Number of protein chains: 2
Amino acid sequence: MNKLYSVTELAAELKVTPRALRFYEDKGLIVPQRAGKTRVYTHRDRGRIILILRGKRLGFSLREIAEWLDLYDQDPGQVEQMRLTLSKTRKRIKALEARQRDLEETLQELRGIETAVEDFLKSKGADAEAAE
Amino acid sequence: MNKLYSVTELAAELKVTPRALRFYEDKGLIVPQRAGKTRVYTHRDRGRIILILRGKRLGFSLREIAEWLDLYDQDPGQVEQMRLTLSKTRKRIKALEARQRDLEETLQELRGIETAVEDFLKSKGADAEAAE
DNA sequence: CAAGAATATGACGTAAAGGTAAACCAGCCG
DNA sequence: CGGCTGGTTTACCTTTACGTCATATTCTTG
């Protein structure tokens, strides 16, 4: 199961462009191996890129993503190192929980609006369906 | 309770720069009144800006935010209009729920990492605390 | 071996979201 | 009245995250 990918292959699978992958590499977020000059991506690279893309969807910059990307990929080194990892992890959890609250609030408001509008339409005897 | 604000006042309260507020206006996200040439912001403007900022924290572009901002601010007009509002609202809810799943996954992974690292430190007889 | 097809590097372009600086008014204060 | 304080444009600058060539090289396949 240790598939290897070319840029275009992996890019296609993850629905990004090869340019994007090279860009992430430029920024140090991934370091694919090379066969000669040609980039070769492993399963691990793929995993990191998926994390990057999820981070982006959540609105983080590549710089921020770079900062916590390594958390996923620690081998137990020295105790001091692990302590740092722990604190970073906790900080990141806090940040994400804050976003979660933003999201929850927004969703609640929108659900409120949804039912209000539904009720309005129902009171008009209008079907809530239709309308693109 | 109908306080009015100047750019700098409101900007300070919301922790953004006046430039940002003018920029949002430029993009049509807010339309403060004017006293002569001077911008005057109402409570309603303030509310909209808070929504904008929350949207930004969730990683949406100003263009996207602009598209759903009016949902919060509909007066029941014609039935057709409301139907459209309903469908837009539902789309937006879907999008936010998707982000919620991203967030939930990420949090779960990080919590996994957190306890793993905690256990590692515990096994080393090291205190999980300390380390900035 | 000639002719694509895929990759690489490098340079330049671009859209979004402001920051920053310049030049100009209006109101107010001592 | 002179000068600050805060406001308004206009214009250009910056950073991020790629897109888009141009050019060179390497692979592969008839």
Side-chain angles (χ1 to χ4, degrees), chain A residues 3-42 45-46 48-70 92 95 99 102 106, chain B residues 3-42 45-46 48-70 92 95 99 102 106:
Chain A
K3 201 165 180 305
L4 296 178
Y5 308 81
S6 74
V7 232
T8 30
E9 271 177 2
L10 188 51
E13 190 193 322
L14 301 182
K15 318 245 186 216
V16 299
T17 64
R19 177 68 172 97
L21 296 188
R22 296 200 198 96
F23 186 76
Y24 300 155
E25 181 178 349
D26 233 58
K27 296 294 164 182
L29 301 208
I30 44 179
V31 189
Q33 293 173 264
R34 300 283 181 126
K37 308 227 89 187
T38 305
R39 278 162 252 255
V40 176
Y41 296 85
T42 69
D45 295 315
R46 182 175 171 281
R48 283 177 76 93
I49 296 167
I50 289 176
L51 288 176
I52 293 171
L53 298 178
R54 209 172 54 188
K56 278 180 50 85
R57 286 200 300 276
L58 293 174
F60 296 96
S61 71
L62 292 184
R63 187 180 305 277
E64 291 174 284
I65 293 171
E67 278 173 40
W68 48 263
L69 199 54
D70 294 324
R92 176 130 182 84
R99 251 135 182 99
D102 278 334
T106 308
Chain B
K3 201 165 180 302
L4 297 178
Y5 309 79
S6 74
V7 231
T8 30
E9 271 177 1
L10 189 51
E13 191 192 323
L14 301 181
K15 319 246 188 216
V16 298
T17 64
R19 176 66 171 98
L21 297 187
R22 296 199 195 96
F23 187 75
Y24 299 156
E25 181 178 348
D26 232 58
K27 296 294 164 182
L29 301 208
I30 44 177
V31 189
Q33 293 173 263
R34 300 283 180 128
K37 309 228 87 188
T38 304
R39 278 164 251 255
V40 176
Y41 297 85
T42 69
D45 295 315
R46 182 174 171 281
R48 283 177 76 91
I49 296 166
I50 289 176
L51 288 176
I52 294 170
L53 298 178
R54 209 172 54 189
K56 278 180 51 85
R57 284 199 303 275
L58 293 174
F60 296 97
S61 71
L62 291 184
R63 188 179 304 276
E64 292 175 284
I65 293 172
E67 278 173 41
W68 48 264
L69 200 53
D70 294 324
R92 176 127 182 84
R99 251 140 186 92
D102 278 335
T106 308

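Just so it is clear, the structure is predicted and the values come from calculations on it, not from any experiment. Residue numbers start from 1 in every chain, and the chains themselves are labelled A, B, ... in the order their sequence lines are given, proteins ahead of strands.
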Enquirer: Output a table of nitrogen or oxygen pairs between the protein and nucleotides 20-27 of chain C separated by less than 3.5 Å.
Expert:
unit_1 : atom_1 : unit_2  : atom_2 : d
C:dT20 : O4     : B:Arg19 : NE     : 3.2

Enquirer: Does anything in residues 23-35 of chain B pair up under salt bridge (charged side-chain N to carboxylate O under 4.0 Å, His left out), and if so which pairs, sequence neighbours excluded?
Expert: B:Glu25-B:Arg34, B:Glu25-B:Arg39
Enquirer: With respect to the phosphate group of D:dT26, does any side-chain polar atom (N or O) of A:Thr38 fall under 4.0 Å of OP1 or OP2?
Expert: no
Enquirer: Just to confirm, is there a sub-4.0 Å distance from OP1 or OP2 of D:dC18 to any side-chain nitrogen or oxygen of A:Thr17?
Expert: no
Enquirer: Quick one: salt bridge (charged side-chain N to carboxylate O under 4.0 Å, His left out) pairs with a partner in residues 6-16 of chain B, sequence neighbours left out?
Expert: B:Glu13-B:Arg46
Enquirer: Can you sort out the partners of B:Arg57 under side chain to side chain donor-acceptor pair (under 3.5 Å), two or more places apart, ordered by chain and number?
Expert: A:Asp102
Enquirer: Could you list by number each residue of residues 21-34 of chain A showing a heavy-atom separation from DNA chain C of less than 4.0 Å, or answer none if no residue does?
Expert: A:Arg22, A:Arg34
Enquirer: According to side-chain contact (heavy atoms from CB on, under 4.5 Å), who are the partners of B:Ala11, at least two apart in sequence or on a separate chain?
Expert: B:Val16, B:Pro18, B:Leu21
Enquirer: Is there side-chain contact between A:Val7 and A:Arg19, with heavy atoms separated by less than 4.5 Å?
Expert: no
Enquirer: Please write out the pairs of protein N or O atoms and N or O atoms of nucleotides 23-25 of chain D separated by less than 3.5 Å, giving the distance to one decimal.
Expert:
none

Enquirer: Taking the side chain as every heavy atom from C-beta outward, state whether B:Tyr24 and B:Asp45 have any atom pair closer than 4.5 Å.
Expert: no
Enquirer: Tell me, please, which residues at least two apart from A:Arg99 pass side chain to side chain donor-acceptor pair (under 3.5 Å).
Expert: none
Enquirer: State which residues pass side chain to side chain donor-acceptor pair (under 3.5 Å) with B:Thr38; sequence neighbours excluded, sorted by chain then number.
Expert: none
Enquirer: Between A:Ala35 and A:Ala20, which is nearer to the 5' end of DNA chain D once each is assigned its nearest nucleotide?
Expert: A:Ala20
Enquirer: Does A:Ser6 put a side-chain nitrogen or oxygen below 4.0 Å from OP1 or OP2 of C:dT7?
Expert: yes
Enquirer: For DNA chain C, which residues of residues 54-68 of chain B approach it to below 4.0 angstrom with any heavy atom?
Expert: B:Lys56, B:Ser61, B:Leu62, B:Arg63
Enquirer: When rounded to the nearest 0.5 angstrom, what is the spacing between CH2 in B:Trp68 and OG1 in A:Thr106?
Expert: 6.5 Å
Enquirer: List in chain and number order the residues that pass salt bridge (Lys or Arg N to Asp or Glu O under 4.0 Å) with A:Arg63, two or more places apart in sequence or in another chain; answer none if no residue qualifies.
Expert: none
Enquirer: Identify the two heavy atoms, one from A:Leu69 and one from A:Leu29, that lie closest to each other, and give their separation to 0.1 Å.
Expert: CD2-O, 3.5 Å
Enquirer: Rounded to whole Å, how long is the line connecting atom NZ of A:Lys37 with atom C1' of C:dA6?
Expert: 16 Å
Enquirer: Could I get the full list of side chain to side chain donor-acceptor pair (under 3.5 Å) partners for B:Thr17, not counting sequence neighbours?
Expert: none
Enquirer: Check B:Tyr5 against B:Leu10 and note the closest heavy-atom contact, atom names and distance.
Expert: CB-CB, 3.8 Å
